[in-house]
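Step one of this worksheet: look at the structure below.
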Amino acid sequence: MDFKPIDRSYFNQPTLYLAESLLGKLLVKETEEGTTAGWIVETEAYKGPKDRAAHSFGNRRTKRTEVMFGPAGYIYTYVMHTHCLVNIVSGELDKPEAVLIRAVEPCMGIDLMYERRGLNKKKVELTNGPGKLTKAMGITNEDYGLPSFHPPLFIAEGRMSVNIEIGTRIGIENSGEAKDYLWRFWEKHNAFVSK
DNA sequence: ATGGAGATCGACT
DNA sequence: GTCGATCTCCATA
């Protein structure tokens, strides 16, 4: 099976719409070891200057946040403790916004995911969290700044997502009023959504 | 130069 | 439920 990257113009939509629209799309990563792909089942929006939980809060522009000020559709990776998290940049030029991919459901390359995560893991443990899916798919800081509409790391058409649920984001308790924003989207009843 | 903090995970109690 | 791991970036001095 071969995947076709989505058209670049797809990313030119408001961040909250993009975050919801990404549900059901495929995230594909090609490496020398093989290709892995997963349906996106959980996302979170991070909206630039006004969002206390975003790295780009107050238009903070550093080496790390730089890519978020660029055009939409590029990859923003970020290292958290021992883990790597993956985002898609959105918003217009100079609007530092992004969508965090929190969970995917394995679609292709599942053997490879087991190899990377550990053969003794349950299937649901492969990709049901932002740090887990990057490890399963071999996504690292090396992917920072790459386009997400072109191999080796890209978004492709997937399946229709129904029963979308909306709620507050996770892991940002100390971010003031921002913690109450309903900027998290997920597929209801999908086992791969993080808890 | 140095220290602190963070969009997490897994092991252990 | 708590805690330790052990990274990179950024703010201080």
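Being a predicted model, the structure only gives us computed values, none of them experimental. Reminder, nothing fancy here: chain letters follow the sequence lines and each chain counts from 1.
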When you check the phosphate oxygens OP1 and OP2 of [N], does a side-chain N or O of [X] lie under 4.0 Å from one of them?
| X | N | answer |
| --- | --- | --- |
| His55(A) | dA7(B) | yes |
| Arg64(A) | dC7(C) | no |
| Asn174(A) | dG6(B) | yes |
| Lys135(A) | dC9(B) | no |

If you look at every strand shown and take non-hydrogen atoms under 4.0 Å, does [X] touch a base, only sugar-phosphate, or nothing?
| X | answer |
| --- | --- |
| Arg117(A) | sugar-phosphate |
| Arg60(A) | sugar-phosphate |
| Leu100(A) | base |
| Phe57(A) | nothing |

Check your understanding: DNA chain B: Asn128(A) or His81(A), which has the more 5' nearest nucleotide?
Key -> His81(A)
Separation of [N] [atom2] from [X] [atom1] (nearest whole Å):
| X | N | atom1 | atom2 | answer |
| --- | --- | --- | --- | --- |
| Leu85(A) | dT8(C) | CG | P | 14 Å |
| Tyr76(A) | dG6(B) | OH | P | 14 Å |
| Arg102(A) | dT8(B) | CZ | P | 6 Å |
| Leu126(A) | dC9(B) | CG | C1' | 14 Å |
| Asn141(A) | dT6(C) | CG | P | 18 Å |
| Arg169(A) | dA7(B) | CZ | P | 10 Å |
| Leu133(A) | dT8(B) | CG | P | 12 Å |
| Glu66(A) | dT8(C) | CD | C1' | 17 Å |

Exercise for review: Could you tell me the separation between the CD1 atom of Ile6(A) and the CZ atom of Phe154(A), rounded to the nearest 0.5 Å?
Suggested key: 11.0 Å
Study note, to complete from the structure: Checking N1-N3 plus N6-O4 or O6-N4 for Watson-Crick, or N1-O2 and O6-N3 for wobble, each under 3.5 Å, the partner of dT6(C) is none
Practice item. Once you apply the 3.5 Å cut-off to both distances, tell me the Watson-Crick or G-U wobble partner of dG1(C), or none. Key: dC12(B)
Output the single nucleotide from [options] whose closest atom is nearest the side chain of [X].
| X | options | value |
| --- | --- | --- |
| Lys132(A) | dG10(B), dG6(B), dT8(B) | dG10(B) |
| Glu125(A) | dA7(B), dC7(C), dG10(B) | dG10(B) |
| Ile172(A) | dA5(C), dA7(B), dT8(C) | dA7(B) |
| Tyr78(A) | dA7(B), dT8(C), dA5(C) | dA7(B) |

Practice item. State whether Lys4(A) and Glu157(A) are salt-bridged, where the test is any N-O pair (Lys NZ or Arg NE/NH1/NH2 against Asp/Glu carboxylate O) under 4.0 Å. Key: no
Point to revise | CA sep, side-chain torsions, deciding dist, call: Ile40(A), Ile155(A), side-chain contact (heavy atoms from CB on, under 4.5 Å) | key: CA-CA 9 Å; Ile40(A) 297 170; Ile155(A) 300 295; 4.0 Å; yes
Check your understanding: Aromatic rings Phe11(A) and Phe149(A): how do their planes relate, parallel, tilted or perpendicular, breaks at 30° and 60°?
Key -> tilted
Review point. Strictly by modelled atom types, are Tyr10(A) and Ser21(A) linked by a side-chain donor-acceptor pair under 3.5 Å?
Key: yes
Point to revise | Evaluation steps, side-chain contact (heavy atoms from CB on, under 4.5 Å), between Arg116(A) and Thr31(A) | key: CA-CA 12 Å; Arg116(A) 287 168 171 156; Thr31(A) 68; 3.1 Å; yes
